[in-house]
Amino acid sequence: MSKIAEKKIHHQNSIWKTIKKATTKNSEWPDKDEFLDVIYWARQIIGLIAGLLWGLIPLKGLFGLGLFLVLNAVVLYAYFTNFQQIDEEEFGGTWELTKEGFVTSLAGFLVMWIIIYSGMHFD
Amino acid sequence: MWSDTFLIVFISICTALLGEGLTWLLVYRTEKYQKLKVEIEKSSKKLEKRKEAHGDSVDKQQKKKIERVEEKLKINNRDLSMVKMKSMFAIGFAFTALLSMFNNIFDGRVVARLPFTPIPWVQGLSHRNLTGDNYTECSFIFLYILCTMSIRQNIQKLLGFAPSRMVNKQNGSLFGPQPQQFK
């Protein structure tokens, strides 16, 4: 087997391992970057799903935007404090974890919200 | 409206890939960049460890050592920016031309409806080149910028080109790596 193919398989395996760890309660996270990546991608997924829902319902105005910001912060906060029960200080505090991927997820949310809202309710 | 919005998402995926491709060609694959990157990451880690271990100590020798690593990191970071600069210029030119072309294509066209009224200082962007004062109408440039913010960063991350967190932390940026271009 070529080296590149081997690398690819190894990479896929490590992604599956990370997903499994992320969905298991109280996992150990010796690699800080791995956990921060989980938080990052979780935020992006939440952004896209919320954008889709907000556009379909549709939620509008400052309420829609505010609700997303609160939901995004609270869901992830609950995830790392209750579900994974990590020590926040190890990762530089709650703020450090809350801002991980926040801006990108906000942009993704806005794009999804605007596209679905425009497409479903205007022509 | 579907066709316009999807087209804009497609355009920003293409420009993000083009931007990363060009940067790879001009920067990422060069030996100098790779060497600098490894060095910066190494010294960032070293600095972090030193600071953790001797953060509050008043030991002069340790302080001097930390300062020396910091100085080296600064120089390396500066060199890295110089290496990146060349390609940033090339990409900047290419994207300014592309953007003005897209601006002409979408000139005066309402590409989407915003589910909110933007605050006044964003309205200049979200209502650019549009007539009337219905500020929920969205111009090409606003949606394109949002798409780029989200897509480029995620593509960088997927391809492994995003700068590491440790380096960002040492550089003291507040919101992590931002896409370097909206053009």
Side-chain angles (χ1 to χ4, degrees), chain A residues 7 11 15 31-37 39-41 43-45 47-48 50-51 53-68 89-93 95-123, chain B residues 1-10 12-13 41 45 48 51-52 110-119 122 126 134-139 142-160 162-169 173-179 182:
Chain A
K7 221 175 163 183
H11 190 64
I15 290 175
D31 182 2
K32 285 181 195 169
D33 264 350
E34 192 187 8
F35 186 64
L36 287 171
D37 279 341
I39 297 280
Y40 178 92
W41 289 113
R43 277 232 152 80
Q44 309 314 310
I45 293 166
L48 292 182
L53 287 176
W54 273 218
L56 286 174
I57 294 174
L59 289 179
K60 284 194 266 185
L62 205 60
F63 172 72
L65 196 65
L67 188 65
F68 167 72
E89 289 313 312
E90 257 180 59
F91 296 88
W95 171 241
E96 208 59 45
L97 283 163
T98 304
K99 76 176 199 206
E100 179 65 39
F102 206 100
V103 178
T104 319
S105 124
L106 179 66
F109 161 75
L110 285 174
V111 168
M112 201 67 167
W113 190 21
I114 292 168
I115 289 177
I116 302 293
Y117 175 79
S118 310
M120 297 296 289
H121 307 285
F122 292 93
D123 218 309
Chain B
M1 279 193 181
W2 286 118
S3 56
D4 276 351
T5 46
F6 280 134
L7 183 62
I8 292 171
V9 172
F10 180 71
S12 61
I13 292 175
E41 239 148 72
K45 261 183 203 163
E48 181 102 333
K51 273 189 177 167
E52 256 172 38
V110 178
V111 296
R113 296 284 184 143
L114 300 174
F116 52 89
T117 313
I119 45 173
V122 182
S126 70
N134 179 0
Y135 289 111
T136 58
E137 289 174 343
C138 175
S139 66
F142 185 64
L143 193 59
Y144 177 73
I145 287 176
L146 283 178
C147 283
T148 304
M149 269 172 84
S150 137
I151 290 167
R152 188 156 198 235
Q153 170 88 54
N154 283 330
I155 284 180
Q156 274 187 342
K157 197 125 185 133
L158 279 175
L159 297 177
S164 80
R165 290 187 182 88
M166 196 87 81
V167 176
N168 280 325
K169 210 173 154 190
S173 76
L174 183 61
F175 289 109
Q178 291 295 308
F182 293 142

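Below, read A as the first sequence line, B as the second, and so on, with proteins coming before strands; counting in each chain starts at 1.
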*Asks:* Roughly how far, to the nearest 0.5 Å, is NZ of Lys60(A) from CG of Leu114(B)?
*Replies:* 12.0 Å
*Asks:* Do you know which of Asp37(A), Ile116(A), Leu62(A), Leu59(A) has the most heavy-atom pairs with chain B at a distance under 4.5 angstrom?
*Replies:* Asp37(A)
*Asks:* For Phe122(A), does the CZ atom have more than 12 heavy-atom neighbours from other residues, nucleotides or ligands under 6.0 Å away?
*Replies:* yes
*Asks:* Go through it in stages, so that I can follow the logic: the residues are Val103(A) and Met149(B), the test is side-chain contact (heavy atoms from CB on, under 4.5 Å), and I'd like the CA-CA distance, side-chain angles, deciding distance and then a yes or no.
*Replies:* CA-CA 8 Å; Val103(A) 178; Met149(B) 269 172 84; 3.7 Å; yes
*Asks:* In terms of heavy-atom proximity below 4.5 Å to chain B, should Met112(A) be classed as side chain, backbone, both, or neither?
*Replies:* neither
*Asks:* Testing the basics here: between Trp41(A) and Lys157(B), what is the closest heavy-atom pair and its distance to 0.1 Å?
*Replies:* CZ2-CG, 3.7 Å
*Asks:* Which heavy atom in Ser150(B) sits nearest to a heavy atom in Gly108(A), and how many Å separate them?
*Replies:* CB-N, 3.5 Å
*Asks:* Does some side-chain heavy atom of Trp2(B) sit less than 4.5 Å from a side-chain heavy atom of Ile115(A)?
*Replies:* yes
*Asks:* Heavy-atom distances under 4.5 Å only: say whether Val9(B) touches chain A with side chain, backbone, both or neither.
*Replies:* side chain
*Asks:* Does the side chain of Tyr40(A) come within less than 4.5 Å of Asn154(B)'s, by heavy atoms?
*Replies:* yes
*Asks:* Provide the closest heavy-atom pair for Ser118(A) versus Arg113(B) in the form atom of the first, atom of the second, distance.
*Replies:* OG-N, 2.8 Å
*Asks:* Between Trp113(A) and Phe116(B), is there a side-chain heavy-atom distance shorter than 4.5 Å?
*Replies:* yes
*Asks:* Counting only non-hydrogen atoms closer than 4.5 Å, does Leu106(A) touch chain B with its backbone (N, CA, C, O), its side chain (CB onward), both, or neither?
*Replies:* neither
*Asks:* Apply side-chain contact (heavy atoms from CB on, under 4.5 Å) to the pair Ile114(A) and Leu146(B), showing each step before the final yes or no.
*Replies:* CA-CA 10 Å; Ile114(A) 292 168; Leu146(B) 283 178; 3.9 Å; yes
